[in-house]
Amino acid sequence: MAGADSQKNGDNRPSKRTKMDGESSASASPAAPGPPPTMPTENPYLAHLPPSERFTSNGAANAASSSDPLAGFVPRQVTGKQARAVMEGDVNPFAATPRPYSQKYRDILAKRKELPVYAQMDEFYEKFNQNQIMVMIGETGSGKTTQIPQFVAYSDLPHTRKEKGADGILAPRMIACTQPRRVAAMSVAKRVAEEMDVSLGKEVGYTIRFEDATDRRTTFLKYMTDGMLLREAMNDHNLERYSAIILDEAHERTLATDILMGLLKEVVQRRSDLKLIVMSATLDALKFQKYFNDAPLLKVPGRTFPVETFYTPEPEPDYLEAAIRTVIMIHQAEDEGDILVFLTGEEEIEDACKKIKAEADDLAASNPDLCGPLKVVPLYSSLPPAQQQRIFEPAPERITPNGPPGRKVVISTNIAETSLTIDGIVYVVDPGFSKQKVYNPRIRVESLLVSPISKASAQQRAGRAGRTRPGKCFRLYTEKDWANELIEQSYPEILRSNLANTVLELKKLGIDNLVTFDYMDPPAPETIMRALELLNYLAAFDDDGNLTPLGTIMAEFPLDPQLAKMLIVSPEFKCSNEILTIAAMLSVPNVFVRPNSQKQQADAARAEFAHPDGDHLTLLNVYHAYKTNCPDNKTASDWCWQNYLSYRALMQADNVRSQLQRTMERFDLDLVSTPFEDKRYYTNIRQAIACGFFMQVAHKSGGKGTYQTIKDNQLVSPHPSTTLDHTPEFVLYHEFVLTTRNYIRTITEVRPEWLLEFAPAYYDPSNMEGEVKRIMAGIQGKKAKGPAAGRRK
DNA sequence: GAGCACTGC
């Protein structure tokens with residue numbers, strides 16, 4: 001796109017321009033080189049001038065048009081002094097038509113000036129102007145997420161550099177800032193629109209799944225989830241719509257961020273005009289710098305209060321008991337201030353809440369002069385939003401005017417470590433554990449394991465105590481364990497995941513060799529092999545490891561490859577409407593609610609939807625019942641409540657279903673159903689599912705309804721929640737869950753004939769062993785003798 | 001006869 005200048009730092013437009021001007025006159029003769037493609041060509045404030053007069057010979061906006069606050073700005077040669085002058089000036093240069101700043105803008109600007117990052121604006125511009133890539137370390141409270149993208153806007157002037165896209169629309173070359181979470185992308189965009197005194201969704205916007213608050217013609221600064229940018233990259237390998245990309249929260253090392261880093265490392269070589277800023281919170285700066293060819297570093301201090309850390313003298317044998325004891329100790333002995341306790345999961349948290357509440361009530365009753373009232377609040381993601389909001393309620397009032405103050409205790413999972421910030425926390429209790437995802441490529445199973453956290457995590461947790469004033473952190477492990485046992489950083493997600501999806505995405509991104517791709521942390525080759533193998537069996541990849549036409553479409557669906565495959569083949573089985581529903585239901589959290597106190601009622605409610613042939617069909621029943629019985633929101637939430645179903649999950653399923661349906665339509669995949677009266681109605685559905693999940697099948701083995709997985713011979717039991725009312729010879733399962741026992745969850749009966757018919761290579765008797773081999777060979781023999789074999793495929 | 005750490009498309 002941009003000039004093919006190959007200097008080290010990539011972007012040398014200004015100097016190049018000067019040189020050009022020295023060689024040829026700046027006349028508007030058609031033969032003159034004219035401005036390079038990325039130079040401003042559309043400055044709305046200079047619209048009264050013909051394009052050739054809008055910029056001086058060195059590319060600066062023409063100073064003669066004195067009303068333009070950006071007069072004299074050379075893209076990417078802008079200094080802190082220039083930017084500050086405009087920020088503190090009278091006219092907003094980023095508004096659709098230049099207009100005076102509002103009073104609110106000035107009020108906010110005063111606060112922005114206090115942010116640590118503001119003080120380093122000059123240093124930022126020096127590094128930004130001179131380098132294509134830079135790494136930024138900004139601790140909590142530095143203001144990097146809101147300010148840096150704005151700084152870039154003053155330098156890139158994206159709103160003055162509109163270009164026609166492939167769709168013929170004149171659009172700004174945007175600045176993107178990625179976030180790992182949707183709420184962050186949304187709330188930061190809203191804040192920055194206010195700070196810039198422009199409208200959200202017009203000049204500054206955000207894009208997340210299910211919601212695009214941007215305007216193709218006017219948005220020049222876009223906050224988005226990292227996954228969303230990755231999706232865009234799949235169809236635009238050079239990310240041409242962007243002039244600068246800022247990867248925020250890179251230290252979290254989400255799968256999407258890691259892939260984007262690898263991809264962008266390649267893109268910056270192809271696009272010398274693209275600037276990249278990688279932002280992270282402390283610590284691994286050197287690793288990022290090294291990965292990005294020794295990119296320069298800008299370090300900005302945070303703005304938090306000191307946190308005093310305490311360790312236990314001896315290891316604690318029972319961290320749950322120790323955590324409870326510590327909370328009670330703090331409540332009795334420490335000054336006013338709320339407490340945040342980190343535990344690993346829902347059950348543990350509810351248990352701890354009960355115990356702490358009981359002890360604290362006893363204490364307050366027996367020592368009203370020593371202990372104030374204590375409010376205990378649980379926090380985890382599956383909690384309904386209304387209950388999550390309770391963490392923001394104030395601590396209880398003191399009971400008597402001179403009595404001891406009340407206190408709030410929040411008992412939380414890791415969600416409070418990154419996603420949610422609670423003000424007023426002064427004390428943190430950190431037992432040092434969290435549930436972490438691990439992937440075992442040998443048996444192809446992802447599971448959750450309670451594991452020790454990393455030092456980085458522990459520091460993040462401690463930091464939560466110092467957001468409003470100095471705080472204390474009580475670590476329930478010894479200082480020696482801290483030093484010797486905790487690893488520095490948590491393993492990035494890419495090392496802990498099944499990569500089937502990722503490998504498909506990478507291919508779609510145009511990455512040819514998945515093994516030599518420049519990962520910041522390369523995954524185990526076995527994990528990549530497992531993914532390639534699966535995608536090959538699903539016919540997404542051919543035998544040479546290239547994407548097939550089917551694989552190309554599969555990558556467009558926001559689904560696991562197995563689900564995408566079953567959806568794409570479903571029209572052939574005349575059941576795409578039903579498979580759409582099942583895919584959506586399998587993509588959202590469990591729709592069945594089962595409160596501890598009402599297990600029987602909940603099970604009875606579920607039985608109303610049960611389909612005897614399997615859980616996939618039960619999910620279909622639930623969705624149909626939901627759509628039939630819930631014409632509006634009010635009835636829906638009541639109906640869900642009465643039927644022990646999660647309204648939230650069902651709404652999500654509805655949302656996902658529409659998105660999947662749109663993707664189906666985009667690829668001309670028919671939306672069809674077999675008539676319900678037709679005896680093949682359910683068979684067709686089950687066959688389509690089998691086309692996606694034939695690798696996840698178990699065969700009955702031994703007594704007592706136990707099964708053995710076909711590929712890895714793992715002994716498994718159907719999950720007790722299943723609605724399957726018999727024990728067929730073959731079942732297909734959606735998930736393998738490793739808890740107290742090996743369970744297969746969400747299962748449906750399949751026929752061995754289908755497996756051989758739809759996945760002949762996989763089920764070829766020569767690949768099989770024992771009983772299954774005999775069964776498959778038997779079917780093959782019969783088929784060979786019978787009339788024409790193979791109805792489909 | 002039982003569990004969903006947390007995100008994301």
Side-chain angles (χ1 to χ4, degrees), chain A residues 178-185 207-212 224-235 249 252-260 342-350 379-383 412-420 433-438 446-451 453 457 490 492-494 496-497 501-502 504-505 508 554-561 563-564 583-584 587-596 599-600 602-603 606 646 648-649 652 655-656 659-660 662-663 704-705 717-722 735 737-746:
Chain A
T178 66
Q179 297 292 318
R181 283 167 291 280
R182 287 186 212 159
V183 271
T207 303
I208 58 177
R209 187 182 186 181
F210 305 126
E211 200 183 347
D212 183 9
M224 63 203 302
T225 46
D226 47 14
M228 210 67 216
L229 185 61
L230 201 56
R231 287 261 137 199
E232 286 188 12
M234 293 194 334
N235 290 308
E249 314 289 2
E252 288 195 25
R253 303 291 306 277
T254 65
L255 247 171
T257 299
D258 267 27
I259 300 303
L260 279 171
F342 286 100
L343 291 178
T344 65
E346 173 177 345
E347 202 179 317
E348 206 174 79
I349 288 169
E350 293 294 351
L379 177 64
Y380 42 88
S381 76
S382 57
L383 217 51
S412 171
T413 60
N414 258 0
I415 192 170
E417 197 180 301
T418 48
S419 309
L420 273 170
F433 292 95
S434 71
K435 274 191 191 169
Q436 288 165 33
K437 186 171 74 181
V438 286
E446 277 182 350
S447 50
L448 286 172
L449 216 63
V450 174
S451 327
I453 61 173
S457 252
S490 312
E493 201 182 356
I494 197 169
R496 298 183 287 116
S497 307
N501 230 335
T502 306
L504 185 60
E505 277 169 13
K508 186 78 203 268
M554 280 168 65
E556 292 282 340
F557 284 92
L559 292 173
D560 279 342
L563 288 168
S587 303
V588 298
N590 191 359
V591 294
F592 297 107
V593 178
R594 196 164 184 264
N596 268 331
K599 287 181 180 170
Q600 281 186 348
D603 289 349
R606 174 202 286 245
S646 161
R648 203 163 43 133
Q652 278 181 49
N655 227 344
V656 172
Q659 191 191 28
L660 296 176
R662 285 194 297 275
T663 310
K704 289 178 280 179
S717 306
H719 194 271
S721 66
T722 188
E735 281 182 293
V737 280
L738 229 152
T739 52
T740 45
R741 292 167 69 178
N742 289 344
Y743 287 111
I744 46 175
R745 191 162 52 190
T746 315

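These figures come from a predicted structure and were not determined experimentally. Each chain gets a letter, A, B and so on, in the order the sequences are listed, and its residues count up from 1. These numbers come from the heavy atoms of this one structure, side chains and all, not from hydrogens, waters or symmetry mates.
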Visitor: Just the rounded figure in Å: distance from C1' of B:dC9 to CG of A:Asn655.
Guide: 13 Å

Visitor: Would you classify A:Ile208 as touching base, sugar-phosphate or nothing, given that sugar-phosphate means primed atoms plus P, OP1 and OP2, and contacts are heavy atoms under 4.0 Å?
Guide: sugar-phosphate

Visitor: So, is B:dC4 syn or anti if syn means the angle is within 90° of 0?
Guide: syn

Visitor: Rounded to the Å, how far apart are A:Leu260 CG and B:dG8 C1'?
Guide: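 So the CG-C1' distance, A:Leu260 to B:dG8, works out to 12 Å.
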
Visitor: Tell me the interatomic distance from A:Met228, atom CE, to B:dT7, atom P, rounded to whole angstroms.
Guide: 19 Å

Visitor: Just by protein heavy atoms under 4.0 Å, how would nucleotides 1-6 of chain B read 5' to 3' in B, S and -?
Guide: BBBBBS

Visitor: Just how far, in rounded Å, is P of B:dT7 from CD of A:Glu417?
Guide: 12 Å

Visitor: To the nearest Å, how far apart are A:Glu252 CD and B:dG8 C1'?
Guide: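 About 12 Å, once rounded to whole Å.
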
Visitor: Roughly, in whole Å, what's the span from CG in A:Asp560 to P in B:dC9?
Guide: 15 Å

Visitor: With a 3.5 Å cut-off and no angle check, do the side chains of A:Glu417 and A:Ser457 form a donor-acceptor pair?
Guide: yes

Visitor: Take atom CG of A:Leu504 and atom P of B:dG8, then tell me their distance rounded to the nearest Å.
Guide: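 Rounded to whole Å, this separation is 21 Å.
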
Visitor: Would you please name every residue forming a ring-ring contact (aromatic ring centres under 6.0 Å, His included) with A:Tyr743, sequence neighbours left out?
Guide: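 Applying ring-ring contact (aromatic ring centres under 6.0 Å, His included) to A:Tyr743 gives A:His719.
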
Visitor: Answer yes or no: is there a donor N or O on one side and an acceptor on the other, between the side chain of A:Arg606 and the main chain of A:Arg594, under 3.5 Å?
Guide: no

Visitor: Using side chain to side chain contact (heavy atoms under 4.5 Å, CB included) as the criterion, list what pairs up with A:Thr225, not counting sequence neighbours.
Guide: A:Arg182, A:Ile208, A:Met228

Visitor: Looking at CD of A:Glu505 and CG of A:Leu230, how far apart are the two atoms once the value is rounded to the nearest 0.5 Å?
Guide: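 With rounding to 0.5 Å, CD (A:Glu505) is 5.0 Å from CG (A:Leu230).
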
Visitor: Any non-hydrogen side-chain atom of A:Ile494 less than 4.5 Å from a side-chain atom of A:Ile259?
Guide: yes

